[in-house]
Amino acid sequence: MSTEQEREIEDANALKCLRCETSEAVEMRPSYTAYHWNGEGQNPNADVPLCPECFEEHREYWNEMWSYARGGY
């Protein structure tokens, strides 16, 4: 297998950011959601792949949503 083929396989297997689709520094991050899930099908609260910049935006968004939900307008 050539180096180029190995790189293509690595790229195909690399995590891509759910928001911006980069593969740089992407990690599985907490979703911050709490949707009801009965254990069947796909977990709507599963961790999501995000780069550091998008994770910060994601975290801020969900912290604000949880603040509203808890009455902290």
Side-chain angles (χ1 to χ4, degrees):
M1 183 178 304
S2 72
T3 305
E4 185 176 325
Q5 289 172 323
E6 289 175 0
R7 197 172 304 126
E8 287 176 5
I9 291 171
E10 285 178 17
D11 289 346
N13 292 331
L15 287 175
K16 291 201 186 312
C17 179
L18 190 63
R19 291 178 173 219
C20 71
E21 297 188 355
T22 185
S23 57
E24 299 285 323
V26 175
E27 295 180 20
M28 296 303 288
R29 313 280 185 152
S31 66
Y32 288 97
T33 58
Y35 296 110
H36 173 73
W37 183 51
N38 64 3
E40 295 180 15
Q42 189 174 2
N43 180 356
N45 306 304
D47 290 352
V48 292
L50 295 169
C51 69
E53 294 82 18
C54 290
F55 174 62
E56 200 54 40
E57 293 173 15
H58 176 80
R59 188 183 61 76
E60 289 174 7
Y61 171 82
W62 280 106
N63 282 341
E64 186 176 334
M65 292 298 104
W66 280 111
S67 178
Y68 289 142
R70 293 180 179 131
Y73 305 90

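Computed from a predicted structure; not experimentally measured.
- With a 4.5 Å cut-off on side-chain heavy atoms, Leu50 and Arg19 count as touching.
- Side-chain contact check for Glu57 versus Tyr61: every heavy-atom pair is 4.5 Å or farther apart.
- Hydrophobic clustering (ILVMFWY, side-chain heavy atoms < 4.5 Å, transitive): Leu18 and Met65 are in one cluster.
- The two residues Ala46 and Ser31 make their nearest non-hydrogen contact at O-CB, 3.2 Å.
- Taken from OG1 in Thr33 to CG in Asn43, the straight-line distance is 7.5 Å, to the nearest 0.5 Å.
- Taking CZ from Phe55 and SG from Cys17, the interatomic distance works out to 11.5 Å, rounded to the nearest 0.5 Å.
- You'll find the side chain of Pro52 reaches within 4.5 Å of the side chain of Arg29, heavy atoms only.
- Atom CG of Asn45 is separated from atom CD of Gln42 by 11.0 Å, given to the nearest 0.5 angstrom.
- Qualifying salt bridge (Lys or Arg N to Asp or Glu O under 4.0 Å) partners for Glu24, counting only residues two or more places apart in sequence or in other chains: none.
- Follow the hydrophobic side-chain contacts under 4.5 Å out from Trp66 and you reach Tyr68 in the same cluster.
- Shortest non-hydrogen contact noted between His36 and Pro44 is O-CG, 4.2 Å.
- Interatomic distance, CG of Leu15 versus OG1 of Thr22, reported as 11.0 Å (0.5 Å rounding).
- With rounding to the nearest 0.5 Å, the separation of CD in Glu60 from OH in Tyr32 is 10.5 Å.
- By the salt bridge (Lys or Arg N to Asp or Glu O under 4.0 Å) test, Glu21 pairs with no residue at all, sequence neighbours left out.
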